[in-house]
Asker: 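Pasting in a structure now, in structure tokens, and then I'll have a few things to ask.
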Amino acid sequence: MPIALVDCNNFYASCERVFNPKLEGKPILVLSNNDGCVIARSNETKAMGIKMGTPYFEIKNFCKHHNIHVYSSNYTFYADMSSRVMQTLSTFATRQEVYSIDESFMDLSGYPNLSEHAQLIRKTIKQHTGIPVGIGIGNTKVMAKFANFLAKKYPQLNGVCNLIELGTERTKKAMQLTPVDELWGVGRKLSIQLKQMGIQTIYDLKIANAKILSKRFTVNLERIILELNDIQCLNIETNLEPNKQIISSRSFGKAVTTRDALLSALIYHCEQIGRKLRRQNLYARQITVFAHTNRFKDDYFSSAINVVFTQATDSFRYMTPTINKALDEIYKPYIHYKKAGIIVSDIITHEFQTIDLFDNINFTNDELLPTLESIKKKYGKNSIKLASELLSDDWKMQRNYTSANFTTDIDQILEVT
DNA sequence: ATCTGGCTAGGAC
DNA sequence: CTAACGGTCCTAGCCAGAT
């Protein structure tokens with residue numbers, strides 16, 4: 001089965017460029033939340049040697065000096081651009097797996113000329129959304145990923161690498177030239193160990209003994225080896241399973257010491273979690289509340305409390321008292337907290353909800369929630385909040401270089417123009 | 001002998 | 001002036017305890 005992997009080039013940086021043509025040909029850089037580190041770079045920025053994940057403070061001066069255009073991340077905007085790309089993409093294959101915000105696997109069974117088809121996809125996505133994409137084609141997901149890597153690496157391929165058409169000899173050559181760590185599923189730790197065993201390139205891994213490596217490492221590695229040999233182990237997953245865990249957490253703009261600051265941050269995260277649960281019609285039975293100090297310092301300190309609810313819920317009304325109590329246990333004055341958050345797990349879908357025999361409150365049907373949603377819809381996201389969220393805003397993140405929500409907020413576009 | 005839950009490491013983007 | 005380093009999600013594998 002021919003599989004394509006379509007990947008947006010430098011996605012966040014490209015998004016910024018679409019609505020700001022002055023950035024054409026200029027170096028762009030997008031920062032993580034809190035303006036912490038580099039998470040996207042345009043080609044020009046990559047060429048200047050700036051690495052993915054670099055803490056921004058280390059290169060701030062360099063950026064100023066070299067006129068790099070720096071942006072805080074704007075997920076509202078990127079998510080909307082992503083859905084436009086995925087929407088257009090969906091018309092080009094029988095089946096599509098949206099793998100991440102900027103990638104899709106596509107089942108290209110039945111299309112006669114794959115390379116031509118891929119070029120048409122690139123052209124259409126660019127036309128509809130302004131986003132450039134690269135496409136890799138292979139007989140398995142791992143091979144499609146590898147092909148996509150080659151499509152990016154060799155500009156003469158014009159954005160499309162079709163390994164099915166390339167032939168065994170040239171594919172072998174490409175594998176011999178590519179280090180294992182470039183492979184999907186082989187990260188830092190694993191590649192070090194593989195190299196110690198003499199497996200340096202993707203080709204070395206392809207011809208390695210899958211069974212032995214499976215014993216020594218994991219089945220996942222065995223699957224990768226099989227897929228490199230065109231034996232399909234990983235399917236295209238079209239119907240997405242509900243989340244098993246939902247996290248909302250954030251580093252603070254600066255260290256925080258008061259209970260109020262922690263509480264208001266946690267209440268904010270509680271609301272986020274509630275929204276995410278409701279959007280997917282899910283209910284959670286467990287909640288973990290955590291807070292910790294700066295993890296890059298020697299006196300790193302972290303605490304967490306896990307609570308099991310008697311009934312699964314999606315309502316902040318049942319979660320907030322628990323959070324408050326958990327915070328009583330966690331909180332210590334004079335500690336410099338740098339991050340806090342909430343994790344919910346043990347998640348069930350609507351049809352599996354059970355009502356506690358001895359509890360007469362129905363946790364899964366809080367009628368206040370839809371009312372609040374409609375107020376927010378009518379009067380704006382910030383029109384109504386829990387008071388405890390407003391106890392303090394010391395914890396708000398740094399976000400100094402944000403672009404406008406070009407595609408979702410008309411007022412912001414008017415400001416720009 | 002087998003199943004279960006809890007926990008950690010490692011990986012992806 | 002100095003210090004400054006993301007957020008979410010998943011699975012495999014291991015261990016301990018229960019069946």
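What you are looking at is a predicted structure, and each value in this text was computed from that prediction instead of being measured. Letters go in sequence order (proteins before strands), and every chain restarts at 1. Quick note: numbers below take in every heavy atom, side chains included, and nothing from hydrogens, waters or symmetry partners.
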Asker: Of the nucleotides B:dC13, C:dG13, C:dC9, which one has an atom closest to the side chain of A:T218?
Answerer: C:dG13
Asker: Name the one of A:V6, A:I131, A:V133 that satisfies side-chain contact (heavy atoms from CB on, under 4.5 Å) with A:R122?
Answerer: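 When side-chain contact (heavy atoms from CB on, under 4.5 Å) is applied between A:R122 and each of A:V6, A:I131, A:V133, only A:V133 qualifies.
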Asker: With rounding to whole Å, what would you report as the distance between C:dG6 and B:dA12 at their C1' atoms?
Answerer: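 It comes out at 14 Å once rounded to the nearest Å.
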Asker: Run the salt-bridge test on A:E44 and A:R17 with the 4.0 Å N-O cut-off and return the result as yes or no.
Answerer: yes
Asker: C:dT11 phosphate, OP1 or OP2: any side-chain N/O from A:N220 under 4.0 angstrom?
Answerer: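 So the side-chain polar atoms of A:N220 never come under 4.0 Å of the phosphate oxygens OP1 or OP2 of C:dT11.
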Asker: Please check the phosphate of C:dG7 (OP1 and OP2 only) for any side-chain N or O of A:S251 closer than 4.0 Å.
Answerer: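 Answer is yes, contact under 4.0 Å.
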Asker: Roughly, in whole Å, what's the span from CZ in A:F217 to C1' in C:dC14?
Answerer: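 That distance rounds to 17 Å.
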Asker: Taking only side-chain N and O atoms of A:K244, does any of them lie within less than 4.0 angstrom of OP1 or OP2 on C:dT8?
Answerer: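 Checking C:dT8 against A:K244, no side-chain N or O comes under 4.0 Å of OP1 or OP2.
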Asker: Is the shortest side-chain N to carboxylate O distance from A:E97 to A:K141 below 4.0 Å?
Answerer: yes
Asker: A:Y75 side chain: which of C:dG7, C:dG6, B:dC13 is closest?
Answerer: C:dG6
Asker: Please report the closest heavy-atom contact between A:A340 and A:H269, naming both atoms and the distance.
Answerer: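 In terms of heavy atoms, the two residues are closest at O-NE2, 3.5 Å.
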Asker: Looking only at side-chain atoms of A:K276, point me to the closest of C:dG6, C:dT8, C:dC10.
Answerer: C:dT8
Asker: Is A:F57 stacked on the base of C:dC5, with ring centres under 5.5 Å apart and planes under 30° apart?
Answerer: no
Asker: Any base atoms under 4.0 Å from A:L190, or only sugar-phosphate, or nothing? Heavy atoms, all strands.
Answerer: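 Sugar-phosphate: the residue A:L190, judged by heavy atoms under 4.0 Å, touches backbone atoms but no base.
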Asker: Figure out the CG/P separation between A:L221 and B:dA12, and round it to whole Å.
Answerer: 12 Å
Asker: Any side-chain N or O of A:R223 below 4.0 angstrom from OP1/OP2 of C:dA12?
Answerer: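 Looking at the OP1 and OP2 atoms of C:dA12, one of them is under 4.0 Å from a side-chain N or O of A:R223.
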Asker: Nearest to the A:S249 side chain among C:dT8, B:dC13, C:dG6, which nucleotide is it?
Answerer: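 Output: C:dT8.
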Asker: Give A:D35 one of three labels, base, sugar-phosphate or nothing, depending on what nucleic acid heavy atoms sit under 4.0 Å from its own.
Answerer: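 No contact.
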Asker: Consider the side chain of A:N294, meaning its heavy atoms from C-beta on, and name the nucleotide among C:dC10, C:dG6, C:dA4 that approaches it most closely.
Answerer: C:dA4
Asker: Which part of the nucleic acid does A:K254 contact within heavy-atom distance under 4.0 Å: base, sugar-phosphate only, or nothing?
Answerer: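 Touches nothing.
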Asker: If you look at every strand shown and take non-hydrogen atoms under 4.0 Å, does A:K215 touch a base, only sugar-phosphate, or nothing?
Answerer: nothing
Asker: For A:K141 and C:dC10, give me the distance from atom NZ to atom C1', rounded to whole Å.
Answerer: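 Distance, rounded to whole Å: 13 Å.
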Asker: May I ask you to check whether A:T258 and A:D260 show a side-chain donor-acceptor distance below 3.5 Å?
Answerer: no
Asker: Need to verify one output field. Residue with the more 5' nearest nucleotide on DNA chain C, A:G36 or A:I246?
Answerer: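 Per heavy-atom nearest nucleotide, the more 5' residue is A:G36.
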Asker: Checking contacts here: which listed nucleotide (B:dC13, C:dA4, C:dT8) is nearest the side-chain heavy atoms of A:Y99?
Answerer: B:dC13
Asker: Closest approach to the side chain of A:K339, judged atom by atom: which nucleotide of C:dG7, C:dT8, B:dA12 is it?
Answerer: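 The answer is C:dG7, which lies nearest to the side chain.
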Asker: C:dA4 C1' sits how many Å from A:I59 CD1, rounded?
Answerer: 13 Å
Asker: Given A:K145, which partner from the list A:E103, A:E227, A:E182 fulfils the salt bridge (charged side-chain N to carboxylate O under 4.0 Å, His left out) test?
Answerer: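 Option passing the salt bridge (charged side-chain N to carboxylate O under 4.0 Å, His left out) with A:K145: A:E103.
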Asker: What is the distance from NZ of A:K152 to C1' of B:dC13, rounded to the nearest Å?
Answerer: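 My rounded result for the distance is 11 Å.
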Asker: Any side-chain N or O of A:K145 under 4.0 Å from OP1/OP2 of B:dA12?
Answerer: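 So the side chain of A:K145 is outside the cut-off, no N or O lying under 4.0 Å from OP1 or OP2 of B:dA12.
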Asker: For A:V219 and for A:K338, locate the closest nucleotide of DNA chain C by heavy-atom distance; then report the residue assigned to the nucleotide nearer the 5' terminus.
Answerer: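 Of the two residues, A:K338 wins.
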Asker: Rounded to the nearest angstrom, tell me the gap between atom CD in A:E237 and atom P in C:dT11.
Answerer: 10 Å
Asker: Figure out the CH2/C1' separation between A:W184 and B:dG10, and round it to whole Å.
Answerer: 15 Å
Asker: Of the options C:dT8, C:dG6, B:dA12, whose atoms approach the side-chain atoms of A:S248 most closely?
Answerer: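 Shortest atom-to-atom distance from the side chain points to C:dT8.
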Asker: So what does A:L183 hit on the nucleic acid, given a heavy-atom distance under 4.0 Å: a base, only sugar-phosphate, or nothing?
Answerer: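 It contacts sugar-phosphate atoms only.
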Asker: Contact class for A:E103 (heavy atom, under 4.0 Å): base, sugar-phosphate, or nothing?
Answerer: sugar-phosphate
Asker: Base, sugar-phosphate, or nothing for A:N34, non-hydrogen atoms under 4.0 angstrom?
Answerer: nothing
Asker: Just how far, in rounded Å, is P of B:dG5 from CZ of A:R285?
Answerer: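 Answer to the nearest Å: 11 Å.
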Asker: Tell me whether the rings of A:W395 and A:Y268 are parallel (<30°), tilted (30 to 60°) or perpendicular (>60°).
Answerer: tilted
